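Keep in mind the model is a prediction, meaning the values are calculated, not measured. Here is how names work: the chains are called A, B, and so on, in the same order as the sequence lines, proteins then strands, and each is numbered from 1.
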Number of protein chains: 2
Amino acid sequence: MDFQNIKIAVDAIVFGYEKSELYVLLIKQKYGVFKDSWCLPGGFVKDEESLTIAVQRELREEAGVSVNYLEQLYTFGDDVQRDPRARVISVAYFGLVNPETLSLQADTDAQDAQWFPFHSLPVLAYDHAAIVQKAIERLQAKLHYQPIGFDLLKPEFPFSDLEHLYQTILGKKLDRRNFRKKILSFDILEETDEFRSIGSGRPARLYRFNPTKYKALQKEGFLFEIKLKEKEKMDK
Amino acid sequence: MDFQNIKIAVDAIVFGYEKSELYVLLIKQKYGVFKDSWCLPGGFVKDEESLTIAVQRELREEAGVSVNYLEQLYTFGDDVQRDPRARVISVAYFGLVNPETLSLQADTDAQDAQWFPFHSLPVLAYDHAAIVQKAIERLQAKLHYQPIGFDLLKPEFPFSDLEHLYQTILGKKLDRRNFRKKILSFDILEETDEFRSIGSGRPARLYRFNPTKYKALQKEGFLFEIKLKEKEKMDK
DNA sequence: ACAAAAGTGTTCGCTTTACACCCATGT
DNA sequence: ACATGGGTGTAAAGCGAACACTTTTGT
């Protein structure tokens, strides 16, 4: 069975979110044609390793990151030349992390793994720009029909965080009252007794996402679904 | 670069539709552990071949079929043992054909490629049952937000065909008037001057899907979206 | 004449949208 | 006191759901 000479790799695009900014985790290449350019974390799959494990291993090894949510995104193998060294097919995964992970990374002085604001990514090696493009589309789409936004927030968060997250990622302004009403109507959040105030302004009550309740409702045929008419386009 | 010993294959799950029945294309295995059992068409990717080309080639070689619609479904590579012979990762594709293809195949006396009604599939080799499962979910989901049903019908079709197609694939009864109203409101069908009657009953006007118009509308932000409350579950 | 499928409008209720003022805190 | 963000209700419009009879053909 030596008729085939194709290598299989996994790449991960991991999103983080903090203070109304969406971030992407990138790695600086150390060797090869693309030395010193940035790319998504990833690498070759081992013979006895499942794809999911491979991605998680690479994320740990290259960036010390473990994700809060992970799903397969797409397999890139139509461009035979996407890796100049050899024929490499890449199974891309899509991950989300809590803000804690973001801060941890910022503290490290490891220069070869870094969070970049989504709106100012450097030029990426290989076809990784295409992966990023596909990932942001998926993320935007999923926000509408899966309670995935919570995976980018701390376990307890003020409602406005969720609202800003949607606005940032979708690039739209939303009606605060309607958004809140809609999310609360799903009955998948529980309010805590805690409040938090950031600088000035009235302190905000903290909420917690209840995944158990969500799964239960899901089984009864409940659908998480948000349609959001944009008020106006956002600036940046 | 001989550190990796994983093979990469493509598999295709192709759906056909005719007379209120959904079909899946299967191939009878000729050799190996799974000799004489049925599985999805597919095979190993060649070194210089894109994934899409590989699927289309396999479909042509193994079943003489060319598809009307093709998209990547999912990459199966978490079960390291999914192929008992070696580590094989499979990129599964999802295809749709016109009824013409279905009839052509039925005429052939080639016994190793056959259309099976979706509701009475034989036991499948490898993990192909999982692929089928994922594919039907995708097909059902897509019917709601992409004008994909037309790819399973002849270019000109009576409205009732579309209606039955939705009912068959979703396994629900629909309200004829509401369904028709909704589809027509999209303004992506053009009516022809032809009529067709099948046996008794009033002849039906034939319609034609206009992909150009659809693409144009899409660019203007139009969304194909159908919500369909089921009237009752269907029998089979 | 009857059976079979095609074709067609209107009403009701719910969901989505639009919209503006008061509240609690920090400075 | 003022600036900043948090919190809340209501009315109008639009969309989805329910529902039954007439038309045209084959037998």
Atom CD of A:Glu225 and atom P of D:dG16: how far apart are they, to the nearest Å?
11 Å
Closest non-hydrogen contact found for B:Glu58 with B:Gly42 is OE1-O, 3.4 Å
Using a 4.5 Å cut-off on heavy atoms from C-beta on, say whether the side chain of A:Val24 contacts that of A:Trp115.
no
Expressed as a whole number of angstroms, how long is the span from B:Arg180:CZ to D:dC19:C1'?
17 Å
Is the B:Tyr74-B:Phe76 ring centre distance short of 6.0 angstrom?
yes
D:dA18 P sits how many Å from B:Phe179 CZ, rounded?
16 Å
Without decimals, in angstroms, what is the distance between B:Phe195 CZ and D:dT25 C1'?
12 Å
For a quick check of understanding: with a heavy-atom distance under 4.0 Å over all strands, which category does A:Lys181 fall into, base, sugar-phosphate or nothing?
base
Round to a whole Å and report the spacing from CG of A:Leu162 to P of D:dG7.
13 Å
Looking only at heavy atoms, which two atoms of A:Gly16 and A:Val97 are closest? And how far apart?
CA-CG2, 3.9 Å
For a quick test of reading the model: is some side-chain N or O of A:Lys229 closer than 4.0 Å to OP1 or OP2 of C:dT16?
no
Find the distance B:Arg176:CZ to C:dA4:C1' and express it as a whole number of Å.
11 Å
Listed pairs under 3.5 Å, donor-acceptor, residues 142-149 of chain A side chains, sequence neighbours left out:
residue: A:Lys142; atom: NZ; partner: A:Glu71; partner atom: OE1; Å: 2.6
residue: A:Lys142; atom: NZ; partner: A:Gln146; partner atom: OE1; Å: 2.8
residue: A:His144; atom: ND1; partner: A:Ile226; partner atom: O; Å: 3.0
residue: A:Gln146; atom: NE2; partner: A:Tyr69; partner atom: OH; Å: 3.4

Is there a side-chain contact between B:Tyr214 and B:Phe186, using heavy atoms and a 4.5 Å cut-off?
no
Using whole Å, what does the distance between atom C1' of nucleotide C:dA20 and atom CG of A:Asp175 come to?
11 Å
Establish whether the base of D:dA20 is bridged to the side chain of B:Arg177 by a donor-acceptor pair shorter than 3.5 Å.
yes
Distance in angstrom units between B:Ile183 CD1 and C:dT8 P, rounded
15 Å
Which residues pass the ring-ring contact (aromatic ring centres under 6.0 Å, His included) test with B:Phe159, not counting sequence neighbours?
B:Tyr207
Give me the residues of residues 197-209 of chain B where at least one heavy atom lies under 4.0 Å from an atom of DNA chain D, by number, or none.
B:Gly199, B:Ser200, B:Gly201, B:Arg202, B:Pro203
For B:Asn178 and for A:Lys227, find the nucleotide of DNA chain C with the closest heavy atom, then tell me which residue's nucleotide is more 5'.
B:Asn178
